[in-house]
Participant: 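Pasting a structure below so you can have a look.
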Protein chains: 2
Amino acid sequence: MTTPPGLREQKKQATREALREAALRLAVERGPDQVRVEDIAEAAGVSPRTYNNYFASREQAIVAAVTADREARIAAAIAARPAGVRLAEAITEAVIQQYTNTSERDSEVLLLITSRTALRDAFLDTTAEIEPPLTAVIAQRLGDTGAQTARVLAASVAAAVRIALEGWLRPAGTAGATGSFGAAGLVVPSGSLSDQLRAALAPLAPAFDAAERRTP
Amino acid sequence: MTTPPGLREQKKQATREALREAALRLAVERGPDQVRVEDIAEAAGVSPRTYNNYFASREQAIVAAVTADREARIAAAIAARPAGVRLAEAITEAVIQQYTNTSERDSEVLLLITSRTALRDAFLDTTAEIEPPLTAVIAQRLGDTGAQTARVLAASVAAAVRIALEGWLRPAGTAGATGSFGAAGLVVPSGSLSDQLRAALAPLAPAFDAAERRTP
DNA sequence: CAGGAAAAGTGCGTGTACGCAAATTTGCGC
DNA sequence: GCGCAAATTTGCGTACACGCACTTTTCCTG
């Protein structure tokens, strides 16, 4: 059913990644406001029109360089957990694991992202991407009868993650200007990201428990 | 604290409504694709630039004509319910009440909205507007300790409503073309809107119960 | 009621988003 | 290998979104 990765699809992914990388590189080099779609397209070796076949806005390519494939990794992380544990717990831990897996580079880029409202919004919008794979994983656990329930719970998780991220990087936006920054570790505005995520997801746990109880 | 409605604010609301009405009227008259921002602005007696001070996209004004003030009405409806009933129930009923309160005109316009993807998306996006008032109402019931919980639950409700609406008007989009339509009642794709909303909100009830139990 | 600060409205310029149709590339069967 | 059907890329044209600086309106205070 799943077509073996043809050369066509391969090339498409290559183009997508080239655009992502070019966008991020240019944004870091010049500052996010000094990068036009035209520049990104040129750097990736495609036409500006093609850029918009891959990304619907200038910001998407930049944030995609950080969030790429996060949805798939979260879904895999959940599926990897033993079937015995509570669904709520499996999801919480999987989400935390993936979102705190930020490399050194990522943490630098996050500063850049928070520095522009448009970028920040685009970044937060990527939380919606985890919905489809999350829905699939949840539906699998709940059985076919709970398809609608799975969608609602997945969307709720995405919303909670979004809120956690907002809370986490809000104070960061108020302080620094565009230019230099430094410090050793991550920016730790109001509690660690792990704590924010745990706190945001906790209220949903009873809903997961009830859903699981209905189809054990 | 709350400034008495100055003449300034009054005029702003008047402009906003003028834009809404003009947008909807033109969209119905000519078809949604034959209406430019310039046209709407002219019909409302403001400059095109001012249009974008009120609405961030061409579609927003059109859908706003249908969804105007829905958030406030939902919040009021919840607050109006006796403090004794379950929060989950109060919210569910209030939401259903407000979303099924469609006038004759609204049902006609909904057909128009579903006929264009961009309009449909803009319409679904309006569900996010209920979050802030919903957060306030929920937070009030849960006490100040549950502020974060209130946000998450409110966002979950908004997500559930969105899913319900999607499911409700999906089949409607596949059938009819732009032009004529008729029939007596509302379009009833897959179950009534009430049923869709109830089904989408049901999975969240345990989360509300648990939150209430924590601060009774 | 005059003065002036704050807010809303406007014009302009730039970059963006995307429908459409033509040109190019890819993959498959022969 | 050949050629064709499907998918992708591209150019073009149009409309939109919005930052910025400037004008006009509102409304508060003395």
Side-chain angles (χ1 to χ4, degrees), chain A residues 2-20 22-23 26-27 30-64 115-122 125 173 177-178, chain B residues 1-20 22-23 26-27 30-64 115-122 125 177-178:
Chain A
T2 55
T3 315
L7 187 134
R8 219 184 201 124
E9 192 61 25
Q10 231 172 313
K11 224 182 163 185
K12 255 179 78 168
Q13 289 310 319
T15 300
R16 172 169 257 106
E17 186 176 334
L19 286 169
R20 278 199 302 244
L26 291 174
R30 315 182 182 175
D33 294 334
Q34 308 308 315
V35 185
R36 286 168 310 177
V37 168
E38 188 185 338
D39 302 327
I40 302 173
E42 189 187 23
V46 296
S47 76
R49 183 62 183 83
T50 295
Y51 175 91
N52 278 300
N53 287 344
Y54 284 86
F55 298 101
S57 81
R58 186 179 70 90
E59 289 78 19
Q60 274 187 18
I62 300 177
V63 300
S115 73
R116 297 291 185 280
T117 307
L119 278 180
R120 210 190 67 118
D121 290 346
D125 282 345
T178 312
Chain B
M1 202 90 298
T2 54
T3 314
L7 188 135
R8 222 190 195 113
E9 192 61 25
Q10 231 172 313
K11 230 186 160 182
K12 253 178 78 168
Q13 288 312 317
T15 300
R16 174 170 253 104
E17 185 176 335
L19 286 170
R20 279 199 301 245
L26 291 175
R30 314 181 183 176
D33 294 334
Q34 307 308 317
V35 184
R36 287 167 311 178
V37 167
E38 188 186 337
D39 302 327
I40 302 173
E42 189 187 23
V46 296
S47 76
R49 184 63 183 82
T50 295
Y51 174 90
N52 277 300
N53 287 344
Y54 284 87
F55 298 100
S57 81
R58 186 178 71 89
E59 289 78 18
Q60 274 188 17
I62 300 177
V63 301
S115 73
R116 298 291 184 280
T117 308
L119 279 180
R120 210 191 68 120
D121 290 345
D125 283 344
T178 313

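Proteins come first, then strands; the chains are lettered A, B, ... in the order of their sequence lines, and each starts at number 1. Scope of the values below: all heavy atoms of this structure, side chains included, with no hydrogens, waters or symmetry mates.
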Participant: Below 3.5 Å is the cut-off: list the nitrogen or oxygen pairs between protein and nucleotides 1-5 of chain C, distance only.
Facilitator:
none

Participant: OP1 or OP2 of dA17(D) versus the side-chain N and O atoms of Asn52(B): is any pair under 4.0 Å?
Facilitator: yes
Participant: Is there a side-chain contact between Gln34(A) and Leu26(A) in this structure, where contact means two heavy atoms from C-beta onward sitting under 4.5 Å apart?
Facilitator: no
Participant: Kindly point out which of dA17(C), dT16(C), dT10(C) is positioned nearest to the side chain of Ser57(A)?
Facilitator: dA17(C)
Participant: Side chain of Asp121(B), backbone of Ala118(B): donor and acceptor closer than 3.5 Å?
Facilitator: no
Participant: Evaluate side chain to side chain contact (heavy atoms under 4.5 Å, CB included) for Arg20(B) paired with Phe55(B), printing each intermediate quantity in order.
Facilitator: CA-CA 9 Å; Arg20(B) 279 199 301 245; Phe55(B) 298 100; 3.9 Å; yes
Participant: Find the distance Arg58(A):CZ to dG19(D):C1' and express it as a whole number of Å.
Facilitator: 13 Å
Participant: Quick one: CG on Asn53(B) to OG on Ser47(B), what's the gap to the nearest 0.5 Å?
Facilitator: 7.5 Å
Participant: Tell me: CD of Gln10(B) to P of dT25(D), nearest whole Å?
Facilitator: 19 Å
Participant: Please tell me if Lys12(B) has a side-chain N or O lying less than 4.0 Å from either OP1 or OP2 of dA8(C).
Facilitator: yes
Participant: To the nearest angstrom, how far is Ile40(A) atom CD1 from dT16(C) atom C1'?
Facilitator: 12 Å
Participant: Taking only side-chain nitrogens and oxygens of Lys11(B), does any of them come within less than 4.0 Å of OP1 or OP2 of dT25(D)?
Facilitator: no
Participant: Taking atom P of dC16(D) as reference, at what distance in whole Å does atom CD1 of Ile62(B) sit?
Facilitator: 10 Å
Participant: Checking contacts here: which listed nucleotide (dG11(C), dT9(D), dC16(D)) is nearest the side-chain heavy atoms of Ser47(B)?
Facilitator: dG11(C)
Participant: Show your working on side chain to side chain contact (heavy atoms under 4.5 Å, CB included) between Glu9(A) and Lys12(A) and close with a plain yes or no.
Facilitator: CA-CA 5 Å; Glu9(A) 192 61 25; Lys12(A) 255 179 78 168; 4.3 Å; yes
Participant: dA8(C) P sits how many Å from Leu19(B) CG, rounded?
Facilitator: 15 Å
Participant: Mark up nucleotides 19-24 of chain C, 5' to 3', with B wherever a protein heavy atom is under 4.0 angstrom from a base atom, S wherever such an atom reaches only the sugar-phosphate, and - elsewhere.
Facilitator: BB----
Participant: Got a second to check how far Arg120(B)'s CZ is from Asp125(B)'s CG, nearest 0.5 Å?
Facilitator: 10.5 Å
Participant: What is the distance from CD of Glu42(B) to C1' of dG9(C), rounded to the nearest Å?
Facilitator: 17 Å
Participant: Could you check Leu19(A) against Arg16(A) for side chain to side chain contact (heavy atoms under 4.5 Å, CB included), going step by step and ending with a plain yes or no?
Facilitator: CA-CA 5 Å; Leu19(A) 286 169; Arg16(A) 172 169 257 106; 5.8 Å; no
Participant: So, is Tyr54(B) close to the dG9(C) phosphate, meaning a side-chain N or O under 4.0 Å from OP1 or OP2?
Facilitator: yes
Participant: Going from CD on Gln60(B) to CG on Asn52(B), what distance comes out if it is rounded to the nearest 0.5 angstrom?
Facilitator: 9.5 Å
Participant: Nearest of dT26(D), dC18(D), dT10(C) to any side-chain atom of Thr50(B)?
Facilitator: dT10(C)
Participant: Within the side chain of Tyr51(B), is there an N or O that forms a donor-acceptor pair under 3.5 Å with the backbone of Ser57(B)?
Facilitator: yes
Participant: Let me know the distance between CG of Asn53(B) and P of dT10(C), rounded to the nearest Å.
Facilitator: 9 Å
Participant: Side chains of Glu59(B) and Ile62(B): does their closest heavy-atom pair fall under 4.5 Å?
Facilitator: no
Participant: Rounded to whole angstroms, how far apart are CZ on Arg36(A) and C1' on dA17(C)?
Facilitator: 16 Å
